[in-house]
Amino acid sequence: MHCWNCKTDLSHQSSLGFFACPKCSAPDFIGTDRSPFAVLGAPRQYDLDLSELEERYLALSKWLHPDRYATLGNTWTKKCGELSALVNESYESLKNSESRLDALLVGSSDLAKTNSDAIPTRYAERFFEMQELRMEDAAAARALALSLQSEIKQEDNALLEQIDRIARSLNWNKPLEKQSLLTLMETRAKRAYLRSLIANLQKVLL
Amino acid sequence: MTHRPSSQDPIIGIDLGTTNSLVAIVKNNTPIVLPSREGRNLIPSIVHYGADNNIEVGFSAKKRRSTDPKNTIYSAKRLLGRGAADMLDSGIEFPYDLDLSSPQNVQIVIGEKKITAIEVSAEILREIKLAAETALGRPVEDAVITVPAYFNDSQRQATRAAGRLAGLNVLRILNEPTAASLAYGLHEKKNGLVAVYDLGGGTFDVSILKLRDGLFEVLSTAGDTQLGGDDIDIAIARHLGLEADSGKALIIAENLKIALTTQKSATFEGYALSREQLETIVVPILEKTRTAVEQSLIDAKIDRTELTDVVLVGGPTRMPVVQQFAAQLFGRQPNCNLNPDEVVALGAAVQADILAGNNRDFLLLDVVPLSLGIETMGGTMNKLIPRNTRIPAMAKEQFTTYAEGQTKVAINVYQGERDLVTFNRKLGQFVLAGIPPLPAGLARVEVTFLVDADGILSVSAKELYSEVEQSIEVRPSYGLTDEQVEQMLAAYLDNKDEDLSVAKLVEARNDARTVLTATEKALPKVADLLDKNERINIETLTANLRGVIEKEDLTAIKNAHKALSDGTRHLAELLIQATLDKNFKNKNVDGFLKKG
């Protein structure tokens with residue numbers, strides 16, 4: 001591997017991640033692991049210190065942002081633009097817990113085929129009841145929609161806590177145990193379903 | 001094209017406004033607005049196309065609005081990067097004629113000719129370039145140009161093309177509210193959460209920013225690219241029972257509006273309006289900003305009570321009714337410490353200074369205002385880069401072939417928030433050609449979408465199966481292609497050599513003035529040492545140079561300058577000798593006195 005700017009041989013570069021060329025200071029990223037954890041130098045786990053993550057993100061942005069290299073011409077701004085984009089993308093994916101879990105699950109999701117039976121149908125039945133009731137008694141339908149929504153929200157929160165608990169307990173640096181992965185995927189699928197119901201109820205309530 | 005600005009080259013900041021344009025530069029760490037060639041701080045964004053290709057820009061063009069409305073183009077920014085469908089949807093009317101026959105490009109009809117808004121904007125930018133060159137006394141090439149934050153990709157590309165056409169090297173397309181925040185940050189030196197409410201002549205933007213120790217992070221932006229002071233003028237004209245698309249009516253409306261900023265009631269050319277009447281006209285227009293403001297707060301994930309300041313930007317925010325509306329919308333009194341007309345240009349100059357490497361303390365982290373995506377099955381929009389994603393931004397997506405031996409994949413790229421692509425803006429179609437013929441689904445093409453710091457998209461693709469690093473750079477095709485811009489620029493340079501030489505003229509004049517001043521100061525000091533002929537010769541050469549210095553003849557100035565330099569060589573030698581002698585004599589005198 002050679003420096004993109006001054007062509008210096010970088011094969012002795014030992015540390016992975018972002019580095020500056022020892023000869024010309026041109027920044028670059030070394031390593032095949034371009035996961036957001038590797039890019040931001042964060043531990044591969046569900047619980048992250050968010051203020052530390054932000055500090056790291058801002059430090060990298062200050063270093064790599066193309067505006068810092070505008071006087072050096074288009075090759076520099078293009079290269080640093082790409083490095084900045086990588087940092088931005090990685091921070092975006094780690095800063096909230098849901099996309100962070102997505103990042104942790106990359107490559108593992110094929111292992112667990114979601115069991116569609118796990119999705120609760122009882123809410124759907126009541127949702128259609130409520131829809132029918134709207135024709136006859138709008139006020140009653142509205143009251144039903146409200147209570148249904150708060151009930152679903154409660155269950156959704158419980159599922160979120162469950163996901164948090166499992167995701168925290170797992171060792172993400174080892175191949176995942178199939179059973180806990182399956183539970184995690186099923187719980188997420190349930191949540192996705194519940195949230196689409198909440199959104200649909202919201203449309204009715206507006 | 002690789003360009004390397006250095007800290008010696010001035011980089012100007014340009015606010016290319018719907019109504020007025022300004023140019024600014026940072027001097028001694030302070031941004032200042034440069035005067036126009038008409039001696040004002042701003043240049044009305046109006047171009048008059050007269051007979052014999054005589055083009056006027058600024059106040060002189062503005063005077064033509066009532067006498068020659070068909071050839072006096074104002075608010076061209078509202079047409080930049082827009083297609084015929086956009087214009088039909090918007091329902092805006094102009095006193096000049098538009099040709100909507102080409103779906104990609106709205107054209108303006110000037111007599112026999114048809115021109116685009118890019119060309120009109122280029123005329124304004126040329127005038128700005130000349131103004132800056134005149135004020136600075138040196139050629140200017142590099143510039144930062146601001147655009148409404150809510151401008152889409154084609155509007156940004158069109159702005160960049162206009163800059164290129166004006167002979168500028170556009171180093172950055174900068175969002176107007178973000179620019180304003182830079183000027184605010186430099187002025188107020190405060191950290192916190194700031195909302196910028198930017199109501200311009202033809203566009204509305206709202207941005208929420210987090211300011212912290214020189215770091216300007218845009219959290220969200222929202223807006224409306226067809227809402228601004230122009231709409232207020234049209235509404236006033238209609239209220240007065242005038243034809244809203246006549247140049248005269250808008251002049252009356254504008255004058256009444258401005259007068260009511262300071263007065264309770266106003267009369268102009270027989271038309272009267274009170275501030276109360278104005279408020280009832282304006283409030284429904286301002287109501288349209290409410291949704292965008294609420295959206296920006298939701299997207300920034302903050303409550304309005306968390307804001308530490310609200311900054312008003314744009315001429316219309318001078319109106320008391322706009323200030324009251326903003327105060328009620330944000331639940332706090334807005335900050336009116338900055339000049340709302342100048343703050344965007346000043347901020348553009350600050351960004352220019354950052355790009356020049358002079359300001360290492362500030363850094364701007366901006367976002368993409370509208371989601372970017374591709375068309376998938378059933379005409380739905382697959383958002384690859386959602387709105388308010390930090391830029392530079394990147395997204396990768398894999399595509400495959402659906403037919404045996406297929407060698408091409410067509411991808412349609414859209415920008416907008418709607419779920420169905422037909423409601424969003426089509427940026428272009430990319431055809432990925434040269435895929436090796438393989439069974440269906442085997443070939444995989446990885447497409448990379450990159451939004452640069454200007455908020456402009458570029459797409460590149462790579463075929464993965466054949467492992468050939470075949471990377472192709474594709475650009476959306478709408479408005480003007482890069483080739484068209486270069487062709488137009490070349491044609492312009494052929495026809496208008498003199499315009500370019502204005503910069504050189506300014507430079508030559510400044511050099512000549514330096515020599516004149518030096519000669520005039522030196523002449524009396526060594527007058528006794530020069531013989532009479534030599535003295536007369538220098539005086540003649542000085543008079544010659546003085547005679548041509550204000551003329552538009554570059555060669556004459558340079559020749560007269562050279563003649564004077566040659567003619568004063570002996571004078572210069574004498575001057576040096578005289579200085580040496582003087583020092584020497586003084587020493588002798590000192591020595592003599594001491595001895596005595």
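Letters go in sequence order (proteins before strands), and every chain restarts at 1. Since this is a predicted model, take the numbers as computed values, not measurements. All values below come from the heavy atoms of this structure, side chains included, with hydrogens, waters and symmetry mates left out.
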J.: Say you draw a straight line from NZ of K301(B) to CG of N96(A); how long is it, rounded to the nearest 0.5 Å?
T.: 7.0 Å
J.: Salt bridge or not for E217(B) and K62(A), using N-O below 4.0 Å?
T.: no
J.: Charged N to carboxylate O under 4.0 angstrom, D452(B) versus K78(A)?
T.: no
J.: Enter the distance from Y57(A):OH to L365(B):CG here, rounded to the nearest 0.5 Å.
T.: 5.0 Å
J.: Got a donor-acceptor contact below 3.5 angstrom from the N88(A) side chain to the T389(B) backbone?
T.: no
J.: Relative to chain B, which of R68(A), E92(A), E82(A) shows the most heavy atom pairs under 4.5 Å?
T.: R68(A)
J.: Step through the shown structure and confirm whether more than 12 heavy atoms of other residues, nucleotides or ligands are within 6.0 Å of CD on E55(A).
T.: no
J.: Decide yes or no for T71(A) and L355(B): does some side-chain heavy atom of the first lie under 4.5 Å from some side-chain heavy atom of the second?
T.: no
J.: Are H65(A) and L364(B) close enough, and set up right, to give a side-chain contact (heavy atoms from CB on, under 4.5 Å), and what steps lead you there?
T.: CA-CA 9 Å; H65(A) 197 281; L364(B) 199 64; over 6 Å; no
J.: Heavy-atom distances under 4.5 Å only: say whether I391(B) touches chain A with side chain, backbone, both or neither.
T.: backbone
J.: Could you check whether atom CG of N29(B) has more than 12 heavy atoms from other residues, nucleotides or ligands sitting under 6.0 Å from it?
T.: no
J.: Hey, is CD on Q398(B) packed in by over 12 heavy atoms from elsewhere, all under 6.0 Å?
T.: yes
J.: Less than 4.5 Å to any heavy atom of chain B: does that hold for the side chain of L58(A), its backbone, both, or neither?
T.: side chain
J.: Taking atom NZ as the centre, does K23(A) end up with more than 12 heavy-atom neighbours from other residues, nucleotides or ligands that are less than 6.0 angstrom away?
T.: no
J.: Which residue, N359(B), L171(B), L363(B), forms the side-chain contact (heavy atoms from CB on, under 4.5 Å) with D67(A)?
T.: L363(B)
J.: Quick one: what part of A393(B) sits under 4.5 Å from any heavy atom of chain A, side chain, backbone, both or neither?
T.: backbone
J.: Side chain, backbone, both or neither: which part of R172(B) has a non-hydrogen atom closer than 4.5 Å to chain A?
T.: side chain
J.: Atom OG in S61(A), atom CZ in R390(B): separation rounded to 0.5 Å?
T.: 7.0 Å
J.: Got a sec: does the CD of E306(B) have more than 12 other heavy atoms crowding it under 6.0 Å?
T.: yes
J.: Above 12 or not: heavy atoms from other molecules or residues under 6.0 Å from CG of N382(B)?
T.: yes
